Structure formats: C-alpha cells, structure tokens
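Read the structure below first, then the notes.
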Amino acid sequence: MTYDSDNIFAKILRDEIPSTRVYEDADTIAFMDIMPRSDGHVLVVPKTPCRNMLDATAEQMAAVMKTVQLMSRALMVAFEADGITLQQFNETAGGQEVFHLHFHVLARHEGDRLGAPGKMGDQVVISQNADKIRASILDL
Ligand code: 5GP
C-alpha cells in the first residue's frame with residue numbers, strides 16, 4: 001500500500017482545498033469534519049505523509065496523539081461535553097475512506113447518539129463550533 005499525495009487531507013495540508021482549521025503545531029493540524037457526527041467533530045492529522053496507523057512512525061503517532069488529547073480537552077470545555085469518543089480507521093476493510101492518517105475526536109453528551117455518517121454539515125454551524133473550540137484551546 002502506497003501513500004497517494006492527491007488524497008483530500010494532503011490537499012487540505014497544502015491549502016489546495018479549504019478547511020476549517022482549529023489548531024496547528026509543528027507536526028499536526030486539526031480541522032472540522034465536513035460531515036460532523038456531533039457538534040464537536042474534529043479530525044487530527046500529521047503534517048507528514050502516511051496512509052494510516054499501519055505505516056505511521058512512532059513519532060507521527062506520538063505527535064498526533066498529543067494533539068488528539070489537546071483537542072479532547074478543548075471539546076470537553078467548548079461543548080460542556082460529558083465525554084469524548086475517538087474513531088480511527090485503517091484501510092478499506094477497516095472503514096477508512098481518506099488515506100492520510102487521521103483520528104476523529106467527537107464530543108459526547110450523556111445519552112446522545114452519534115449522527116449518521118456521510119451527511120454534509122451546515123458550514124455556518126461548523127464555523128461557529130470551530131470558534132468555540134479555538135476559544136477553549138486558549139483557556140486550557
Ligand atoms: P474515514 O477515512 O475516517 O472513514 O472518513 C473520512 C472522514 O473525512 C469523514 O468523516 C468525512 O466526513 C471527512 N471528510 C471527507 N472529505 C472531507 C473534506 O473535504 N473536508 C473535511 N474537513 N472533512 C472531510
């Protein structure tokens with residue numbers, strides 16, 4: 001399995017297609033999922049190429065997990081969440097659709113259900129939710 005540098009997240013990293021970024025550091029970015037399954041649905045990716053967890057280096061995994069933890073804490077504050085769900089899929093059989101390593105970080109509330117996958121979100125609402133997340137990161 002080889003890395004395809006034309007995958008959607010590689011294009012987002014190169015700013016060839018727009019995204020709603022909420023966080024960036026030297027090794028990772030975090031941006032809003034365009035088909036959110038909860039109000040706070042963020043994707044965390046490494047800046048360097050790898051398909052998924054199976055070909056990622058330990059350094060890529062460590063950098064991504066550091067940002068996943070930061071985003072999890074920010075989502076707890078931004079949405080007064082009760083918990084966080086992480087999702088991460090590897091290869092088609094594992095449910096992966098975009099082949100650049102990413103973790104889904106989802107804010108959860110007691111008794112809620114995740115929204116259906118594959119449904120485009122309202123960009124105005126996504127932008128408002130991104131503002132809440134950015135503000136919460138500053139407060140951590
Ligand atoms: P997965 O590979 O984890 O199964 O799914 C890819 C995820 O990327 C989905 O949750 C989907 O909504 C999201 N996604 C697909 N295309 C785009 C895009 O162009 N921009 C953003 N922000 N998210 C995307």
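Since the structure is predicted, the reported quantities are computational estimates derived from the model, not experimental observations. Just the heavy atoms: all of them, side chains too, but no hydrogens, waters or symmetry mates, feed the values below. All ligand and atom numbering here is 1-based and tracks the order in the structure.
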| request: Could you pull out every protein residue that has a heavy atom closer than 4.0 Å to ligand 1, ordered by chain and then number? | output: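 Residues Ile8, Phe9, Ile12, Phe31, Met32, Asp33, Ile34, Met35, Leu43, Phe89, Gly95, Gln96, Glu97, Val98, His102, His104 each place a heavy atom under 4.0 Å from ligand 1, listed by chain and number.
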
| message | Can you confirm whether the side chains of Gln96 and Asn52 place a donor and an acceptor under 3.5 Å from each other? | response |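 Side-chain D/A pair, Gln96 to Asn52: present.
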
Test side-chain contact (heavy atoms from CB on, under 4.5 Å) applied to [X] - qualifying residues, sequence neighbours left out:
X     : value
Glu16 : Lys11, Arg14
Gln69 : Arg73
Met32 : Thr20, Val22, Val42, Ile126, Asn129, Ala130, Ile133

| said: Within the 4.5 Å heavy-atom criterion, are Lys47 and Thr28 side-chain neighbours or not? | reply: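 Lys47 vs Thr28: side chains apart.
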
| Does a salt bridge link Arg108 with Asp112, judged by any charged N lying under 4.0 Å from a carboxylate O? |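 Salt bridge flag = yes for Asp112 with Arg108.
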
